[in-house]
Number of protein chains: 2
Amino acid sequence: MQNLEEGERVPIPLYQAKAEFLRTLGHPARIRILELLSERDHAVHELLDRIAIEPSNLSQQLAVLRRTALVVSRRHDGEVVYSLSVPEVRDFLVTARQIITNLAAVQGDLEPELTPAKSAR
Amino acid sequence: MQNLEEGERVPIPLYQAKAEFLRTLGHPARIRILELLSERDHAVHELLDRIAIEPSNLSQQLAVLRRTALVVSRRHDGEVVYSLSVPEVRDFLVTARQIITNLAAVQGDLEPELTPAKSAR
DNA sequence: GTAGTATATGAAGAGTTCTTCACATGCAAA
DNA sequence: TTTGCATGTGAAGAACTCTTCATATACTAC
């Protein structure tokens with residue numbers, strides 16, 4: 001985990017790196033991909049079978065994930081097989097699910113309480 | 001984004017709700033806000049002191065977080081105080097940090113092989 | 001070589017999100 | 001009431017992201 005000192009790599013503030021990472025995950029197709037890859041490695045055409053999306057769109061989304069280094073690809077028997085490069089992503093998505101569940105609960109609970117009286121008395 | 005009207009609650013696929021949630025978090029200012037709120041509750045002007053951002057922009061970002069029910073606000077002594085409504089967000093951000101660290105490592109490892117010494121991203 | 005399957009890329013338009021600005025509101029002190 | 005500080009909102013353009021389409025590349029079989 002050393003910093004490369006060659007050249008000048010401006011250290012991106014951590015919260016900005018986080019934002020970039022979360023934004024990368026913030027897309028239904030990409031999340032589906034990562035979930036499928038959490039189960040096991042998949043070839044592109046396998047992903048295609050399980051996600052309702054055009055081939056070239058899938059490719060684009062895979063490219064995004066590759067750029068962020070969240071996945072890696074290798075060629076095997078004329079197919080390209082993708083896998084997660086950071087296995088923690090799996091737990092991460094599980095945590096996300098938890099929060100969303102809580103969020104749904106909170107959203108329901110809060111609704112009646114805070115409605116401001118914008119009454120025009 | 002989707003507005004839920006009273007009565008008609010369309011069940012959103014989970015991976016789409018996740019995407020929405022992650023996209024909400026995918027913004028530097030909003031992450032900063034959530035991190036600060038993880039430490040303790042903050043009044044708006046306190047946040048303003050610690051984040052380099054225009055007041056009205058901060059307000060906008062707070063509005064986004066309120067809409068998603070990630071934060072709640074209350075008025076106290078002429079100030080508006082914000083707090084996290086889902087405490088798990090804190091652990092979530094910690095996990096995110098871990099992944100990003102690993103990611104940086106992976107990116108570092110891959111670099112010599114795949115890039116023509118020009119990666120500015 | 002050609003053909004065929006699998007995957008990737010670039011570019012364009014549609015759509016969405018961000019930031020800024022001007023103004024609006026809430027509340028309290030004078 | 002008027003003033004003043006704290007916060008919020010709507011609107012507009014810039015900037016970015018998504019999807020689609022056409023085409024390109026990689027590899028294998030013939």
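Just so it is clear: chains get the letters A, B, ... in the order the sequence lines come, proteins before strands, and each one is counted from 1.
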Looking at B:Phe21 versus B:Phe92, is the centre-to-centre ring distance below 6.0 Å?
yes
Measure CD/B:Glu54 against P/C:dA22 and give the value in whole Å, please.
11 Å
Atom CZ of B:Arg23 to atom P of C:dC18: distance rounded to whole Å?
9 Å
So, does the side chain of B:Gln60 form a donor-acceptor pair with the base of C:dT17 at under 3.5 Å?
no
Check every nucleotide of DNA chain D for an atom under 4.0 Å from a heavy-atom of chain A, then give the first and the last such nucleotide from 5' to 3'.
D:dT17 to D:dC27
Would you mind listing every salt bridge (Lys or Arg N to Asp or Glu O under 4.0 Å) that reaches into residues 95-105 of chain B, with sequence neighbours excluded?
B:Glu35-B:Arg97
Whole-Å distance, A:Asp49 CG to C:dA6 C1', equals 12 Å
Phosphate OP1/OP2 of C:dT9 contacted by A:Arg66 side-chain N/O (<4.0 Å)
yes
Taking only residues two or more places apart in sequence, or in another chain, which ones meet A:Tyr82 in a ring-ring contact (aromatic ring centres under 6.0 Å, His included)?
none
Closest to the 5' end of DNA chain C, once A:Ser56 and B:Asp77 are matched to their nearest nucleotides, is A:Ser56
Cationic N near anionic O, under 4.0 Å, B:Glu79 to B:Arg74:
no
The helix from C:dG1-D:dC30 to C:dA30-D:dT1: angle between end helix axes, five pairs per end, rounded to 10 degrees
10°
What pairs of donor and acceptor atoms, side-chain ones from residues 50-60 of chain A against any protein atom, are under 3.5 angstrom apart with sequence neighbours left out?
residue: A:Arg50; atom: NH1; partner: A:Glu39; partner atom: OE1; Å: 3.4
residue: A:Asn57; atom: OD1; partner: A:Gln61; partner atom: NE2; Å: 3.0

Rounded distance (Å) that lies between atom C1' of C:dA6 and atom CD of A:Glu46
13 Å
Side chain of A:Leu62 (C-beta onward), nearest among C:dT7, C:dT20, C:dA8:
C:dA8
Return whichever of A:Gly26 or B:Leu58 has its heavy-atom-nearest nucleotide of DNA chain D closer to the 5' end.
B:Leu58
Is there a continuous path of hydrophobic side-chain contacts, each under 4.5 Å between heavy atoms, that joins A:Val81 to A:Val86?
no
In whole Å, what is the span from the OH atom of A:Tyr82 to the P atom of C:dT7?
9 Å
Roughly how far, to the nearest 0.5 Å, is CG of B:Leu22 from OG1 of A:Thr24?
10.5 Å
Nearest-angstrom distance from the residue atom CZ of B:Arg32 to P of C:dC18:
18 Å
Roughly how far apart are A:Ser85 OG and A:Leu37 CG, rounded to 0.5 Å?
10.0 Å
For B:Arg67, check side chain to side chain contact (heavy atoms under 4.5 Å, CB included) against everything at least two apart and list the hits.
B:Ala63, B:Val64
Quickly work out the B:Asn57 CG to C:dT20 P distance and round it to whole Å.
6 Å
Contact under 4.0 Å: B:Gln61 side-chain N or O vs C:dT17 OP1/OP2
no
Atom NE2 of B:His76 to atom C1' of C:dA28: distance rounded to whole Å?
15 Å
